[in-house]
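Heavy-atom basis, side chains included; hydrogens, waters and symmetry copies ignored. Bear in mind that the values here come from a model prediction, so they are computed numbers and not experimental data. Residue numbering restarts at 1 for every chain, and letters A, B, ... go by the order of the sequence lines.
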Amino acid sequence: MHAHLEPSAILADLNEPQRQAVTHGAGPLLVLAGPGSGKTRVITRRAAYLVGTGVPARNILAITFTNKAADEMKRRIEGLGVARGMWVHTFHALGVRLLREFGELVGVLPGFSIYDEADRLRVVKEAMQACGVRDVLLRPEAVQDEISNAKNKLQSPAEFAGWADTFEQRAVARVYEKYEELLRERNGVDFDDLLMRVALLLRGHADIVERLNIRFQHVLVDEYQDTNHAQYLIARYLSERHRNICVTGDPDQSIYGWRGADIKNILEFERDYPDAVVVRLEQNYRSTGMILQAASALIANNRRRKHKDLWTENQPGEPVYVWRFSEGQDEAEQIADTIQRLHQGGQAYSDVAIFYRVNAISRGLEESLRIRGIPYRIARGVEFYNRKEIKDTLGYLRILINPADQVALLRIINTPARGIGKTTIERLLATAERQHRPLLEVLRDRGVQAEMKGAGKKLAAFVKLLDQIEQAARGPVSGAVSAVLSLSGLEEALTKEAEEGGEDRLANVQELVTAARRYEEEVEEPTLADFLYRIALVSDQDQVDEKAGAVMLMTLHAAKGLEFPVVFIVGLEQGLLPHENALMQSLDVEEERRLCFVGITRARQRLFLTHARQRMIRGVTLPRAASQFLRELDQSAARFEDYSREPWDFGGGRAQAEEEQADPDGFVALHDHLPPEEGQRPLRPRAGGGSKWNHQRRRSSEFGDEDDVRIINAAGEALQDTSVYADWKPGTLVRHARYGVGQIVWIRPGSGQTRAAIRFARHGEKTFILEMAPIEKLQR
DNA sequence: TGGAGCGTAATTTTT
DNA sequence: TTACGCTCCA
């Protein structure tokens, strides 16, 4: 039936499976796309192809996870000559759109505010307080996680309460109920609501599902491996009738399980849709043979996956470099040196990326890069919108759209300082609570103002200010932002601050005005509400700008979907990657492995995996073992090089040669010889260079690597006898203020810092510094 | 009322 | 290390 289609640009240069996916007609389609296999190309071509076969663009819905991916897809589809009008959204943006249309059916009123992570935590704390749940008992963050998980599963507070069997869970259930009540009062939704409410809407309203099914004849979902239950349901409902659902993804790149993403969704797609056509994209166009080989070998260690045979016609290229260092600083220095050398050899800075598991690692790297004058950028876009001054400004705007938004109101009521203090605010809150009226209404109440004497005058002035802003904000969005800045006094306060030589936070808020202008130009019908929604949905990943002319630093999570000619992954150490929290449950190690796999497969030509034998994190230096993932790589695709100094001969330990031979990880100790770099100077050896650390004697308590542990323990036992922890031994029962009763797994004394690992029934094993942690020994 | 300074506590990834 | 919350002081 597509005979009239010319083999146009749409089908040009596609390989066979790609072609098959693009030209698939009606019915469910699963595209299992390995890294670098041209997945985005397939999706965009498929969308264009569908339009070519007569499907109106506006009847196609494409769903992505990040705004960046959505924008990219739009751009490319338009580049293929397809008219605008296709629905290309993130799940969350789609949620906003549908809730603005149908939200009232699920208790979301027009003008609703989106509560971000920080806002929502405030509300959780408030709910905990209202329920009398003390935050020393249950961390607000943990409660928030539980609520989030419940929402992902569409569990209402009542349903959650039904499940709860422990004391803590019942407490969470109460908080959850209160939390929902507070959000409802304020007409606020959190990120999870954007999905959950839509899923509930679709579940409860067959007529709406029907309407939307007519609207969306084809549904395409990208990164399907990252969908959670709510997203799964949304995709399902939206394609219920026509069953034209095309999902693309890769189980091996599922890295958001901790946030509720369910890898089962993609693994069991064929069970959900028995007639699904499955296409595997296994040819990799991105990486060298060696890199791909290492990645394949690593991921083969996972059980929960769908087998794929990744292959490439690319050159084998250089081996994957695995570098070992004595400590984190060395690692950072050598990486910076290497980047500098690569740059001198003609490699653009923007060709290089450094990935790490946790943000905390970036500091040392930044330092080393800065010293050398190497430009770098950190992918942390949310940061901008999370700045205090930005959130303050947005607070004023949020109130305009949603007068019930109490979080925003409390934020701005005394920012900048206008003499409305804690006591006044507390009285207002009490009144609002007692009379069941919105805070803003109470604030506007002349009677209330009169009661408050001096403070009341200030309240009246504040109310007047809000009215003025409202007047001024009737015009264009950027005008509204400027009006807030000038009228509220924020501008004045920030100017003063800037003049006094502080951080230039004025520039940041001015940037917000620029962002508003840009928004006005981009969108056909700009509105303040829509502008705020967009800002609320900005994420880290959206801010990754590969063309910035700078080395990119980012977490492994943020790296998904990107590619770079040169990639460094740092901190490949047990406890860091895989992360220690994941090591507690063996299933999570698979996700850590996938995370590593994602990082590795971002590299096109050169890949460096590094680890240090000890690393300082949060001011504490700890010994670190090499990551198990380094052992799981295809060893023939890797080259192990040891740059660490004086390999562990302290106190007349083993000879160096012995150490080399005994090295279980197969590292080559580097003394004078260095890794080959085509046409370039070899690396400078750090070892013989009289580095500043060479002569520094480390305290033995900082070590703990295998054999060294014995030495420390011997020293430790002597120390232990006299310490308060003398009778704390493995097996001893203790109580932690938060985690409850646990049992000591191991205990290791040090100078003023006794470390111990304690296993808890419900929280797994955790390591503490006993002197610092709220831990007591159980009597008897 | 507001700010500074202190002590304390804990530490992942973020649409 | 750092961030937050609390108290105390101006």
Taking the same atom, P, in dT13(B) and in dC4(C), what whole-Å distance lies between them?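 Roughly 14 Å separates the two P atoms.
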Nucleotide [N], atom [atom2] - distance to [atom1] of [X] in whole Å:
X         : N       : atom1 : atom2 : answer
Arg259(A) : dT13(B) : CZ    : C1'   : 8 Å
Arg593(A) : dT13(B) : CZ    : P     : 21 Å
Arg357(A) : dT14(B) : CZ    : C1'   : 11 Å
Ile234(A) : dT15(B) : CD1   : P     : 17 Å
Glu117(A) : dT13(B) : CD    : P     : 12 Å
Glu592(A) : dT12(B) : CD    : C1'   : 8 Å
Tyr256(A) : dT14(B) : OH    : P     : 6 Å
Arg615(A) : dT12(B) : CZ    : P     : 16 Å

On the 0 to 90° scale, with breaks at 30° and 60°, tag the His557(A)-Tyr256(A) ring pair as parallel, tilted or perpendicular.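 Taking Tyr256(A) first and then His557(A), their aromatic rings sit tilted (interplane angle of 30° to 60°).
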Among [options], the nucleotide that comes nearest once only the side chain of [X] is considered:
X         : options                   : answer
Ala417(A) : dT14(B), dG3(B), dT15(B)  : dG3(B)
Phe191(A) : dT13(B), dT11(B), dT15(B) : dT15(B)
His92(A)  : dG3(B), dT13(B), dT15(B)  : dT15(B)

[N] OP1/OP2 closer than 4.0 Å to side-chain N/O of [X]:
X         : N       : answer
Asn67(A)  : dT15(B) : no
Lys125(A) : dC4(C)  : no
Asn228(A) : dT15(B) : no
Thr555(A) : dT14(B) : yes

Report yes if the ring of Trp258(A) lies under 5.5 Å from the six-membered base ring of dT13(B) with planes under 30°, and no otherwise. yes
For dT14(B), is there a stacking contact with His557(A), counting only centres under 5.5 Å and planes under 30°?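 Not stacked: fails the 5.5 Å / 30° test.
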Test item: side-chain donor near acceptor, Tyr519(A) and Asp530(A), under 3.5 Å: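 Judged by distance alone, the side chains do pair up.
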Is it true that the side chains of Glu117(A) and Gln144(A) contain a donor and an acceptor less than 3.5 Å apart?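 The criterion, which ignores hydrogens and geometry beyond distance, is satisfied for Gln144(A) and Glu117(A).
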With sugar-phosphate meaning primed atoms plus P, OP1 and OP2, does [X] contact a base, only sugar-phosphate, or nothing at under 4.0 Å between heavy atoms?
X         : answer
Thr424(A) : sugar-phosphate
Asn414(A) : sugar-phosphate
Leu195(A) : nothing
Arg363(A) : sugar-phosphate

Please enumerate all residues that pass ring-ring contact (aromatic ring centres under 6.0 Å, His included) together with Phe91(A), with sequence neighbours excluded.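 Per chain and number, Phe91(A) pairs via ring-ring contact (aromatic ring centres under 6.0 Å, His included) with Phe65(A).
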Would you give me the side-chain donor-acceptor pairs under 3.5 Å for residues 229-238 of chain A, sequence neighbours excluded?
| unit_1 | atom_1 | unit_2 | atom_2 | d |
| --- | --- | --- | --- | --- |
| Gln231(A) | OE1 | Asn228(A) | N | 2.8 |
| Tyr232(A) | OH | Arg236(A) | NH1 | 3.3 |
| Tyr232(A) | OH | Asp272(A) | OD1 | 3.3 |
| Tyr232(A) | OH | Asp272(A) | OD2 | 2.8 |

Please determine whether a side-chain nitrogen of the Lys or Arg among Lys391(A) and Asp119(A) lies less than 4.0 Å from a carboxylate oxygen of the Asp or Glu.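 Salt bridge between Lys391(A) and Asp119(A), a charged N being under 4.0 Å from a carboxylate O: yes.
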